[in-house]
Amino acid sequence: MQPEKIPTMHYNFNEIEAKWQKYWAENQTFKAENNSEKPKYYVLDMFPYPSGAGLHVGHPLGYIASDIYARYKRHQGFNVLHPQGYDSFGLPAEQYAIQTGQHPAITTAENIKTYRRQLDQIGFSFDWSREVRTSDPSYYKWTQWIFIQLFNSWYNNDSDKAEAISELENIFASEGNKKVNAVCDENVEYFTAEDWSGFDAKKKQQILLQYRLTYLAETEVNWCPALGTVLANDEIVNGVSERGGHPVIRKKMTQWSMRISAYAERLLQGLDKIDWTDSLKESQRNWIGKSVGASVSFNVISSETKQSPSSGVRGIEVFTTRPDTIFGVSFMTLAPEHELVSQITTPEQKAEVEAYIEATAKRSERDRMADVKTITGAFTGAYAEHPFTKAPIPIWIGDYVLAGYGTGAVMSVPCGDQRDYDFAKHFNIPIPNIFEGVDISEEAFSDKEKTIIANSDFLNGLNYKKATKRAIYELEKIGQGKGKTNYRLRDAVFSRQRYWGEPFPVYYDENGMPQMIDEKFLPLELPEVDKYLPTETGEPPLGNAKKWYWLQYGDKAEIVSKEEFENSSPSGRLGGALELNTMPGWAGSSWYFNRYMDANNPNEFASKEALAYWQDVDLYIGGSEHATGHLLYSRFWQKFLFDKGLVPVDEYAKKLINQGMILGTSAFVYRVQLKNNKGVYFISSDFFKKVFPHSFEKLKNEENVGSINSFLRKEIGGERVEIVSMSRIHVDVSMVNSSNELDIQSLREWLAEFENAEFLLGEDDNFKVERDVEKMSKSKYNVVNPDDIVADYGADSLRLYEMFLGPLEQYKPWNTAGITGVHSFLKKLWKLYVDDNGLKVSDAKPSKDNLKTLHQTIKKVQSDIENFSFNTSVSTFMIAVNEFTKQGCTSKEILEPLLVLISPYAPHIAEELWRLLGHNTSISTAPFPEFDETHLVESTKNYPISFNGKMRFTMELPLDLSKDEIEKAVLEYEKTKDQLQGRTPKKVIVVPGKIVNIVG
RNA sequence: GCUGAAGUGGUGGAAUUGGUAGACACGUUGGACUUAAAAUCCAAUGGACAUUUAGUCCGUGCGGGUUCAAGUCCCGCCUUCAGUACCA
């Protein structure tokens, strides 16, 4: 038996980390108070989807950064809210349920457990008492509640905010809808107050739906009949589904939509007041896509008489940003899907047009977009009438015009728009020139600044600005157009044909109209189903629920089967079939940052007091892939909640930082498979590259197979071989060491087919793999699990190393080998405080050098944290510890503040040493050391002396010398004379405190 | 195509308003300790030439420019990554 060792004589990270994680949990060290004298600070991470694979080393990157910042703010005396939770509805759990029958709630709970264990062992300072899960009924109750608020609201353009739908009903009842300035569906019919009171309940509901902020609408979707589901553009490759390769068709479907377009302008304006990265704001601006111009309506001419207007055909509405070029219109182009196409196409052109429509329908939106070079289109045979000249204008269809943007129709001005120009050239349509002094024989002229209009009646001689104004004025005068601002931002489809999402609090009444269930009955919980697939009749998975009808009498409500509902007494009954769609992934994540402020409140989504105290997120960290999804939708919901007086601010995140991704370093081997089962050969990468220096892709070409053949024959021993296939395959990175050498035995054991493979070794008789940086993913066998890192080096090493890898926002590859650097730094740090005899910190007075090093460190680390430059502060710590070690520093006055500086980065070791220094409370609330400039004041400077800009040597000089004194001292210096070799300098540049440069 | 970000040793990266390019690490090489290994410590490490010392030249994707001085500023290009609309 060994004598009992006094603990903590050496750096036992496993023990220390477990101890402090337990301490933090038991003492609720990081619980944030909703009532505090301290100023508040809210640090938020984009919450994770708990996938079955668990965390890999890339995931915690942003969490470590935000944790450092949160801990730093606590040291500065802030009451810090730093919560975490789970975006736990989502497709992977549903896919898993479809395959295994396992309920997604069970898988999700298990995955969350794994995530929590992994997060805990990294030592984050989360306030877990505020954890939220979007799939928890106590959470989605409020998601449903917000949905109801949206349903009960409309957007009033006059007050520029959302208002109660009941107000709108009052307006309809008193004056009809003619004066209502609302964001609503296109083409709403006008009605009077009398009309309104005469409408039946159904008609009223239909009208109100055209105004509500969430509404039912027919939307075109990518429907895959074989899978019984709607697919995203991403999930379609070459017109068939990515999974299974089934055909996909465009289909209209009734779905819930969110009227985000009502907020387009405010979402755009709001960007100016938040401190988000420019690239992110730019993406949102592009996505919103504001353009200012005019809408113009063109009458369609009867194709027989060529006289206007053709009876029974509505005019064609177009949107243009260049109303000043209206006299340059020589044709019109409609999207092939445009509803007028079938009405106006002449019998002669019918066959051609239909063939063209059929051809474009086959092309996916992506295909149409990717192909810029091919110009296609068809003439409808119909003509429109120019609003001013009354000249007939041929109407074409072309797939460069998209149905979903603007009105799906374009007035084509070939002289001023390159795409119109190309189209006109291709189909021999005339290209009238309406610009003064511009040659358009080669290309269109689209420079607005230099535009002077010609050949355009009343617009002649005007510039772009004046002509635009005049054109709009004249259009308004004849009632055929008006100024208009157009946004690309489309209303967001909010229905998903899935099981694992929030149920809509909606049933359909006897008129088939949607009704919200009363708030007091929320949450409407997800029903149990036998199967998670669509029903045989093509309904969403909720169609499988045996009981999914709402039945309510007065204050009593229950969910019943269809039969039970039909057999119930109709008198006083409310209810009907419940909505079968569920909400999309972004529903729960659009407001969760508010819930954290008061996460366990059963009565409100958050109390007024909590909202008033916490206000908004001060620092939000997450990936840039959410730039136009989550980050736009959540801003929309926040603005809506703000309009309703439910939250105190209309932008919820003051500052946002994007973290980059940690990439994997994949390992590849070259494999050659021979015919007639002659075997599998693996070729060492260095060897392979020496013999075939060209790239592998080139090698795969036919002509090179021969050379590989003869190469192999030589290696194997003369026998003629034939290659079946040659490939470069991923191997698991765990089978490769830091020198890129493969453990051959592991590869043999990995897959049965490799068991008897032959290996052609390279230099030193080693088998080398090739390395390449790729996204970390299971399928690439390059995933590194943080659990392994924590077990081998500890959480503090992992935290430091992730930061040390490089700037937070940058993409960078992971390489486990480098972690030894930060790990030995922590050991050195430990040794600064503790040796074989225990604590060695003394009350000795700090030396000047000690103080200088400390205060340099404070200055640098503080500015680094505030600039989110965490990588450079890790180097600063290393320099500090190296210097203190060299200085033999043991002074408590120095080593104590050093611990506080390091504690946000490496909290466990800091807590342990803090305790050893005699403190009984957590280091997390110790004040951040104050920087004192006086310790850094220098009396001399080691000047670099340059000759013609090239540094030759340095020279130590007092800092209080004047320019002339410096020049004199330098010129008298022996080394200067050596450099000049008798030449007289033409010029001497002296920058005191910086540099001396001698020219000549 | 457009928008955004980025190109620096063998590798990750550093360099504050233009002022000593390569901090800090990894890796590599040599050495100490050890029976040996691990761990630890010390030294060297951008390239080329030279080597007794001293030193010289080249060098931050490429080509120009501004400046006493450019990784940093300006002009023109190339490459990589990410997002993305034929946006009228």
Side-chain angles (χ1 to χ4, degrees), chain A residues 10 277-283 285-287 289-291 293 318-322 325 333 335 365-366 368-375 398-402 404-413 416-420 422-423 486-488 623-625 627-628 658 660-661 663 665 738-739 771 773 800-801 804-807 809-822 824-825 827-828 831 860 863 867 869 871-879 882 942-954 978 985-991 993-1000:
Chain A
H10 71 286
T277 59
D278 287 337
S279 65
L280 201 148
K281 290 198 215 178
E282 197 56 33
S283 323
R285 284 193 192 104
N286 288 341
W287 196 263
K290 179 178 183 175
S291 46
V318 302
F319 174 77
T320 175
T321 53
R322 296 294 303 273
T325 62
T333 317
E365 213 169 304
R366 282 266 158 105
R368 269 164 75 168
M369 292 182 302
D371 188 6
V372 189
K373 287 183 189 113
T374 337
I375 295 161
D399 68 2
Y400 78 96
V401 177
L402 298 182
Y405 183 77
T407 59
V410 183
M411 62 172 223
S412 303
V413 183
D417 181 286
Q418 194 57 45
R419 280 167 328 209
D420 294 346
D422 295 339
F423 195 90
N486 200 49
Y487 299 91
R488 188 177 82 89
S624 55
E625 67 272 22
T628 48
N658 286 133
M661 201 181 282
L663 305 167
T665 316
S738 58
S739 308
R771 283 289 172 110
V773 172
L800 281 173
Y801 188 53
F804 189 60
L805 278 178
E809 66 282 4
Q810 223 165 74
Y811 281 59
K812 57 231 158 192
W814 176 270
N815 179 5
T816 304
I819 200 171
T820 53
V822 293
S824 58
F825 156 74
K827 286 198 244 179
K828 280 186 219 165
K831 281 196 215 154
K860 177 83 174 117
S863 80
N867 293 309
S869 172
N871 54 324
T872 48
S873 30
V874 179
S875 323
T876 307
F877 292 137
M878 289 173 170
I879 293 167
N882 288 344
N942 199 18
Y943 279 93
I945 313 298
S946 307
F947 293 80
N948 298 319
K950 280 173 198 149
M951 206 282 286
R952 290 303 181 204
F953 55 85
T954 60
D978 287 351
K986 282 187 199 132
K987 204 172 176 187
V988 180
I989 312 279
V990 178
V991 186
K994 284 235 161 112
I995 199 170
V996 177
N997 190 16
I998 297 165
V999 187

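Letters A, B, ... are given to chains in the order of the sequence lines, protein chains preceding strands, and every chain is numbered from 1.
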Problem - Test log, rule side-chain contact (heavy atoms from CB on, under 4.5 Å), inputs A:V996 and A:I989 - result: CA-CA 6 Å; A:V996 177; A:I989 312 279; over 6 Å; no

Exercise for the section: Dump the intermediate steps for side-chain contact (heavy atoms from CB on, under 4.5 Å) on A:S291 and A:F319, then the final yes or no. Expected result: CA-CA 10 Å; A:S291 46; A:F319 174 77; 3.7 Å; yes

Handout entry: side-chain contact (heavy atoms from CB on, under 4.5 Å) between A:V988 and A:N997, worked out
Key = CA-CA 6 Å; A:V988 180; A:N997 190 16; over 6 Å; no

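Residue A:K987 places at least one side-chain N or O closer than 4.0 Å to OP1 or OP2 of B:C68. Dashed line: the shortest gap from a side-chain N or O of A:Q418 to OP1 or OP2 of B:C86 is not under 4.0 Å. Under 4.0 angstrom from either OP1 or OP2 of B:U40 there lies at least one side-chain N or O belonging to A:K827.
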What protein N or O atoms touch nucleotides 64-66 of chain B N or O atoms at under 3.5 angstrom, if any, and at what distances?
none

Collect all protein-nucleotide pairs involving nucleotides 17-25 of chain B in which both atoms are nitrogen or oxygen and the distance is under 3.5 Å.
from	atom 1	to	atom 2	distance (Å)
B:A25	OP1	A:N882	ND2	2.8

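Going from atom CZ of A:R488 over to atom C1' of B:C86 covers 12 Å, rounded to whole Å. If you measure from atom CG of A:D422 to atom P of B:G1, you get 15 Å, rounded to the nearest angstrom. What separates CD of A:E809 from P of B:A82 is a distance of 17 Å, to the nearest Å. Rounded to whole Å, the distance from NE2 on A:H10 to P on B:A38 is 19 Å. In this structure, the CZ atom of A:R285 is 11 Å from the P atom of B:G4, given to the nearest Å. Computed from coordinates, the A:N286 CG to B:U84 P distance equals 11 Å when rounded to whole Å. If you take NZ of A:K812 and C1' of B:A5, they are 14 Å apart, rounded to a whole angstrom.
At least one donor-acceptor pair under 3.5 Å links the side chain of A:N867 to the backbone N or O of A:S863. No donor-acceptor distance shorter than 3.5 angstrom exists from the side chain of A:K290 to the backbone of A:R285, with no hydrogens or angles considered. Panel note: side chain A:R322, backbone A:G416; no donor-acceptor pair is recorded below 3.5 Å.
Among the heavy atoms of the strands, none lies under 4.0 Å from A:T277. Using a 4.0 Å heavy-atom cutoff across all strands shown, A:R952 reaches sugar-phosphate atoms only and no base atom. At the heavy-atom level, A:S283 lies nowhere under 4.0 Å from the strands shown.
The same atom, C1', is picked in B:A50 and in B:U34; the two are 40 Å apart, to the nearest Å. B:G22 and B:G7 are spaced 16 Å apart, taking the C1' atom of each and rounding to whole Å. Atom C1' of B:A14 sits at a distance of 27 Å from the matching atom of B:G30, rounded to the whole Å. The C1' atoms of B:C68 and B:G18 are separated by 12 Å, rounded to the nearest whole Å. Across B:G65 and B:U16, the matching P atoms stand 26 Å from one another, rounded to whole Å. To the nearest whole angstrom, the two P atoms, one in B:U60 and one in B:C73, are 15 Å apart. B:G61 and B:U72: their C1' atoms are spaced 16 Å apart (whole Å). Distance check on atom C1': B:A48 versus B:A32 gives 33 Å, rounded to whole Å.
Side-chain contact check for A:M411 versus A:D420: every heavy-atom pair is 4.5 Å or farther apart. Considering only heavy atoms from C-beta on, A:K828 comes within 4.5 Å of A:N882 through its side chain.
When base pairs are accepted only as Watson-Crick or G-U wobble with both N-N or N-O distances under 3.5 Å, RNA chain B takes part in stems of 3 or more pairs at B:1-7 with B:78-84, B:10-12 with B:24-26, B:27-32 with B:40-45, B:46-49 with B:55-58, B:61-65 with B:73-77.
A side-chain donor from one of A:S412 and A:T333 sits under 3.5 Å from a side-chain acceptor of the other. Remark: the A:T872 side chain and the A:S869 side chain contain an N/O donor-acceptor pair separated by less than 3.5 Å.
A syn base is found at B:G9: its glycosidic angle is within 90° of 0.
Shortest non-hydrogen contact noted between A:G993 and A:Y943 is N-OH, 2.7 Å.
Looking at the side chain of A:P807, the nearest of the listed nucleotides B:A14, B:C26, B:A88 is B:A14. The side chain of A:L805 sits closest to B:G12 out of B:U3, B:C68, B:G12. Set against B:U3, B:A88, B:C68, the side chain of A:V999 has B:C68 as its closest nucleotide.
When ring centroids are compared, A:W814 and A:Y801 come within the 6.0 Å threshold.
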